[in-house]
Peer 1: 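There's a structure below that I have some questions on.
Quick caveat, the model's predicted, so the values are computed rather than measured. Convention: sequence-line order gives letters A, B, ...; per-chain numbering from 1.
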There are 2 protein chains.
Amino acid sequence: MSKAPPPKPTDSELEILHVLWQHGPATVRAINDNLSQRRQAEVGYTTTLKILQLMLDKGLVRRDDADRSHVYRAAVREQETQGLLLDKFVDATFGGSALKLVMQALGSRQTSADELAQIRRLLNDIEIQNSTSTADDDDNA
Amino acid sequence: MSKAPPPKPTDSELEILHVLWQHGPATVRAINDNLSQRRQAEVGYTTTLKILQLMLDKGLVRRDDADRSHVYRAAVREQETQGLLLDKFVDATFGGSALKLVMQALGSRQTSADELAQIRRLLNDIEIQNSTSTADDDDNA
DNA sequence: TTGCAACTACGAAGGCTTTCGTAGCATCTT
DNA sequence: AAGATGCTACGAAAGCCTTCGTAGTTGCAA
């Protein structure tokens, strides 16, 4: 009955999720080391620990505390989480228009020919889907 | 001299900026009415006033206090502000890859044929620019 | 002129996020 | 066995954002 939807991660939490998504399950020590590398400065060990504990409460991570050093792993998927954040961002910043966002992202930025090609490929896929799936749409979120 | 870079607006501030971008200069009363419409609930008048005062401090808006009812107007441009926010968002959420963001935005979302066409047009423009303006480029990212 | 309505300024509370210090406990080493 | 090391739990502080109440002032109307 109660599948509480996973809440929107904060910036620090998102940073930790990136580590977990990239490296898989890890101890606080490993996560903290990784975080310290990414940033300029050292991150306090207990800071990382605390955030992980809060994330556990929120359901953003799970942990295995069989061993003395608990092992944390992401409880939310990368794409889903990014999609969630993207939705909110599009609403807040571009009034809900994903098109505006895409135009802005492509327009005011260096985009390589390779990337442009990838996007074209995606556009083709979408158009094919749009034209073929018109008969059988059975999607509910 | 010190052209202090305009700081990143918060969510509430951004909401107010949207009103100002859309309607031009306005009084607190007008802004507050507009805000109250967008949301479900009434927004406290002094809440709006307070945020505008903070925005004035930050340089996000300017005001004309010739009349008793001060008139506020945006001091930052829509596109620039959106670009700034987009940069931060891409960094935090997609590890700096604008491509991933675009793919996610287009992939997990309903995109109309019309919108797809607009994006294609933009892609064409970009490719033309890439080939004409840099006749002799070997690109390195 | 007196009183009401509208406006600005300001302080403060509450919530959230991030950071860190400390305490307590288990483990390992010598 | 005893001490050092490393780990977790927890409390608390600081900063930021949002919200609102209150006080003081100005302008208008009766």
Peer 1: For a quick test of your reading: what N or O donor-acceptor pairs under 3.5 Å do the side chains of residues 29-42 of chain A make, sequence neighbours left out?
Peer 2:
{"residue": "A:N32", "atom": "OD1", "partner": "A:T48", "partner atom": "OG1", "Å": "2.6"}
{"residue": "A:N32", "atom": "ND2", "partner": "A:V43", "partner atom": "O", "Å": "3.4"}
{"residue": "A:N34", "atom": "OD1", "partner": "A:R38", "partner atom": "NE", "Å": "3.2"}
{"residue": "A:S36", "atom": "OG", "partner": "A:N32", "partner atom": "O", "Å": "3.0"}
{"residue": "A:S36", "atom": "OG", "partner": "A:V43", "partner atom": "N", "Å": "3.1"}
{"residue": "A:R38", "atom": "NH2", "partner": "A:Q22", "partner atom": "OE1", "Å": "3.1"}
{"residue": "A:R39", "atom": "NE", "partner": "A:E15", "partner atom": "OE2", "Å": "3.2"}
{"residue": "A:R39", "atom": "NH2", "partner": "A:E15", "partner atom": "OE1", "Å": "3.0"}

Peer 1: If you take any heavy atom closer than 4.0 Å to DNA chain D, which residues from residues 37-53 of chain B end up in contact?
Peer 2: B:R39, B:G44, B:T46, B:T47, B:K50
Peer 1: By side-chain hydrogen bond (donor to acceptor under 3.5 Å, both in side chains), which residues pair with B:Q82, not counting sequence neighbours?
Peer 2: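 B:Q82 satisfies side-chain hydrogen bond (donor to acceptor under 3.5 Å, both in side chains) with B:E78 only.
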Peer 1: With a cut-off of 3.5 Å and sequence neighbours excluded, list every side-chain donor-acceptor pair involving residues 60-68 of chain A.
Peer 2:
{"residue": "A:R63", "atom": "NH1", "partner": "A:Y72", "partner atom": "OH", "Å": "3.2"}
{"residue": "A:D64", "atom": "OD1", "partner": "A:A66", "partner atom": "N", "Å": "2.9"}

Peer 1: Hey, can you pull the residues of residues 60-71 of chain B with a non-hydrogen atom under 4.0 angstrom from DNA chain C?
Peer 2: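 Only B:R63, B:R68, B:S69, B:H70 qualify.
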Peer 1: In chain order, what residues pass the side-chain contact (heavy atoms from CB on, under 4.5 Å) check against A:R77, with sequence neighbours excluded?
Peer 2: A:E80
Peer 1: In residues 13-33 of chain B, which residues come under 4.0 Å of DNA chain D by heavy atom?
Peer 2: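 By residue number: none to list.
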Peer 1: Below 3.5 Å, can you tabulate the donor-acceptor pairs from side chains in residues 86-98 of chain B to any protein atom, sequence neighbours excluded?
Peer 2:
{"residue": "B:D87", "atom": "OD1", "partner": "A:R109", "partner atom": "NH1", "Å": "3.1"}
{"residue": "B:D87", "atom": "OD1", "partner": "A:R109", "partner atom": "NH2", "Å": "3.1"}
{"residue": "B:T93", "atom": "OG1", "partner": "B:F89", "partner atom": "O", "Å": "3.3"}
{"residue": "B:S97", "atom": "OG", "partner": "B:K100", "partner atom": "N", "Å": "3.0"}

Peer 1: With sequence neighbours left out, write down each residue that passes side-chain hydrogen bond (donor to acceptor under 3.5 Å, both in side chains) with A:N124, or none if nothing qualifies.
Peer 2: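 side-chain hydrogen bond (donor to acceptor under 3.5 Å, both in side chains) check on A:N124 returns B:R120.
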Peer 1: Students should find this one: the first and last nucleotides of DNA chain C, 5' to 3', lying under 4.0 Å from a heavy atom of chain B. What are they?
Peer 2: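 Taking any atom under 4.0 Å from a heavy atom of chain B, the span is C:dA6 to C:dA12.
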Peer 1: Sort and list the pairs that fulfil ring-ring contact (aromatic ring centres under 6.0 Å, His included) and have at least one residue in residues 22-71 of chain B, not counting sequence neighbours.
Peer 2: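 ring-ring contact (aromatic ring centres under 6.0 Å, His included) check on residues 22-71 of chain B returns no pairs.
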Peer 1: Output all residues satisfying side-chain hydrogen bond (donor to acceptor under 3.5 Å, both in side chains) with A:D11, sequence neighbours left out; order by chain, then residue number.
Peer 2: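 Partners of A:D11 under the side-chain hydrogen bond (donor to acceptor under 3.5 Å, both in side chains) test: none.
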